[in-house]
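Following: one structure in structure tokens, then a few remarks.
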Amino acid sequence: MSTATEGPQLGSGSVFGRAILYAVLIVFAVYYLLPLVIMLLNSVKPLDEIRSGNLIAPPQHWTLQPWLSAWSEAQVGVQATGLKPYFVNSFLMVIPAVTISMVLGAINGYVLTKYRFKGDSIVFGLILFSCFIPFQIVLIPMAKVLGTLGIAGTVPGLVLVHVVYGLGFTTLFFRNYYAAFPTELIRSAQVDGAGFFRIFWRILLPSSGPIIVVTIIWQFTNIWNDFLFGASFSDFDSQPMTVALNNLVSSSTGVKEYNVHFAGAVLAALPTLVVYIVSGRYFVRGLMAGAVKG
Amino acid sequence: MAFLEIDGLYKSFGQTDVLKGIDLVVEEGDFLVLVGPSGCGKSTLLNTIAGLESVTKGEIRIAGERVNELKPSERDIAMVFQSYALYPNMSVAKNLAFGLEMRGVPKDERDRAIQEVAEMLQIEKLLNRRPGQLSGGQRQRVAMGRALVRKPQVFLFDEPLSNLDAKLRVDMRMEIKRLHATLGTTIVYVTHDQIEAMTLASTIAILKDGVLQQFGSPEDVYNNPSNLFVADFMGSPAMNLVPAEVQKQDGAIGVALKQRSNGALFLPVREGVADQLGDWVGRTITFGIRPEAVTDPDAADQKEGQLVEATCRAEMVEPTGADTYVVTHLGGKEFTARLRANSPIEEDGHVKLAFNMTRSVFFDPQDGTRIA
Ligand SMILES: Nc1ncnc2c1ncn2[C@@H]1O[C@H](COP(=O)(O)OP(=O)(O)OP(=O)(O)O)[C@@H](O)[C@H]1O
Ligand SMILES: [Mg+2]
């Protein structure tokens, strides 16, 4: 009897609860999506529509001109090149920076877990500590280092900065992942005659898929979105996308072309969005694997 | 000249001394089994032979050559790990081939070697599978195959059967024994299962706390334990080890075992032993005798030495089918005798036992050393 009366009550209660849950979730989803939607809507509006009307209204005349302008025509800084060259700069910076920091992080993780040495935990502690150093603190020493190396204001200079700064995180990721990797496999490969790098390449890396995805997403978004290092250590011809976008928006000549600014902002965000959508599923899975086993 | 020699081997991890002066000599084609309780340093010893752990002090020689400084791959050894350690991202065939590939063996030769080993271990059908798609027993075979395919000078096995169920373990044990008989390669095999040790070994080394306790043939270790630890560790059911007082009765030296009710049971010892026990008269020693040396009088081996008959109270009777174990109470402890099935046990629970005193051993109860 009691279960029969309790059942429906509980059911209706949970339906009500679910409704509230969904409502809250939808409100938050809309709240987070709204800026993106507004940006997209206004990036395909003619400029006079934005100036005369409100921001939220859908465009009366659709146009792709703002996008074309943002990409290749708009005034960025002193020249009317659009964002294209800076987009290229960003890729030239982000691809080597992610690759190098990931490879070094993986090797660090490998050594710290499978070739233990005296004081290895101190070394790991120090590397870990670098994750907590605020960006601002390293600006001046880093500028000096880049100057000494003669790569100040160049894309390779930015790559170096991001590799150094990302190393702490990539090492942490790979160390935790490899800590759960069976040491007997390494020993077996040693007996089989494989050397340090052969073991890394043939045994360890093929089993590292999830953590590689995590590292790529983490490093890619951080480096792509970085503004401070880009603004501090680049010249006009080596500026990354984020800095160029700022220059575009704050360009003082002529009228403010809001629609172009919106298009530029979406362009700047697009690569990280793509990376997330393509590998987001692995991201969660990899984080869990690292977290649970580490 | 011995094939594998270990000379005064010490190994410490930081402050902890794990191996404390191990000396071993293994002849070519021998099957050496290292046994001992968990944590005694068996795996560590094996890893130092493999070159996976460095040596703190001492020397290891294989075929007369000092190998201390050689890398594992240069020692011409192959190892089977407890977890099998199959490379998860490679097929079985690739797993088998890996060691050969690393040594630069050409492809067609590798393929031939893999075929041969796969046939020997009956894993031909599994060659294209990944380790994740194999059962425990199949993985075990692949792990052995990976060692066999290289044709090394020495095989090292670290508890290779401990992850298998009981039936499979017995099968694989036989298989390993057969392989050793066919190939004749020297094997060093770690286990903490003393039955595995007895059945496989041509030589047994018993370790405790990083110290070698005894080194000899299975028969030697079983019948002639060098100390109390070995006597207790080897054999199942375990040897009866009970306190007893050495006494001299009617000119004969013997041991008196306290009984629960009527005083003590006096067992005269054999002649050779009597001399060695002379100094101990009036003192307590540890008397040891295996359950199968305490039987019903009809089953006792009349030819073998000196039988002493006595009546004891059976406190527990455990028929196993083939034999019947009778547990009685002597020297203040449980004392097991192995009788034939259907041995007569009297109404009041008394049973007549024959003690084969030729097979008895005596230890110093203080430090566990063998007296006689
Ligand atoms: N890398 C290490 N650092 C410190 N101590 C270690 C290390 N490896 C092993 N030991 C210690 O050495 C001792 C012997 O270990 P070992 O693995 O050789 O034991 P074992 O005889 O193989 O035991 P089991 O039967 O459980 O496998 C243990 O007390 C262990 O804690
Ligand atoms: Mg072990």
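Letters A, B, ... are given to chains in the order of the sequence lines, protein chains preceding strands, and every chain is numbered from 1.
By the neighbour-count criterion of 12 heavy atoms within 6.0 Å, atom CZ of A:Phe28 is sparsely surrounded, having that number or fewer from other residues, nucleotides or ligands. For A:Leu33, the CG atom counts as densely surrounded, since its 6.0 Å shell holds more than 12 non-hydrogen atoms of other residues, nucleotides or ligands. B:Asp108 CG: more than 12 foreign heavy atoms inside a 6.0 Å radius. The number of heavy atoms from other shown groups lying within 6.0 Å of CG (A:Leu25) is above 12. Counting heavy-atom neighbours within 6.0 Å of A:Tyr32 OH, excluding the residue itself, gives a total of 12 or less. By the neighbour-count criterion of 12 heavy atoms within 6.0 Å, atom NZ of B:Lys94 is sparsely surrounded, having that number or fewer from other residues, nucleotides or ligands.
For A:Asp192 (side chain) and B:Leu96 (main-chain N/O), no donor-acceptor pair under 3.5 Å exists by modelled atom type. For the pair A:Glu184 (side chain) and B:Ala85 (backbone), a donor-acceptor distance under 3.5 Å is absent.
Proximity to chain B (any heavy atom under 4.5 Å) is restricted, for A:Ser207, to the side chain, taken from C-beta onward. Looking at B:Leu156, there are no atoms closer than 4.5 Å to chain A (heavy atoms on both sides), in backbone or side chain. For B:Asn47, the part lying near chain A is the side chain, with the backbone staying farther off; criterion is any non-hydrogen pair under 4.5 Å. Only the backbone of B:Ala78 comes within contact range of chain A, with heavy atoms under 4.5 Å apart.
Between chain A and the options B:Asn89, B:Leu86, B:Leu100, B:Val80, the largest number of non-hydrogen pairs under 4.5 Å is found for B:Asn89. Note: B:Arg150 leads B:Arg75, B:Arg150, B:Glu74, B:Gln82 in heavy-atom pairs under 4.5 Å with chain A. Counting heavy-atom pairs under 4.5 Å between each of A:Ile203, A:Ile186, A:Thr183 and chain B puts A:Ile203 at the top.
Closest approach of B:Met102 to A:Arg198, counting heavy atoms only: CE-NH1, 3.3 Å. Residue B:Phe98 comes nearest to A:Ala189 through the heavy atom pair CE2-CB, 4.2 Å, listed as atom of the first residue, atom of the second, then distance. Taking every heavy atom of both residues into account, A:Val191 and B:Ile77 meet most closely at CG1-O, 3.7 Å.
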One pair to check against side chain to side chain contact (heavy atoms under 4.5 Å, CB included): A:Gln190 and B:Met79. What are the steps and the verdict?
CA-CA 10 Å; A:Gln190 282 177 336; B:Met79 191 151 171; over 6 Å; no
Give the intermediate values and the outcome of side chain to side chain contact (heavy atoms under 4.5 Å, CB included) for residues B:Tyr84 and A:Ser188.
CA-CA 9 Å; B:Tyr84 312 142; A:Ser188 175; over 6 Å; no
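Contact check for A:Leu185 versus B:Pro88: side-chain heavy atoms found under the 4.5 Å cut-off.
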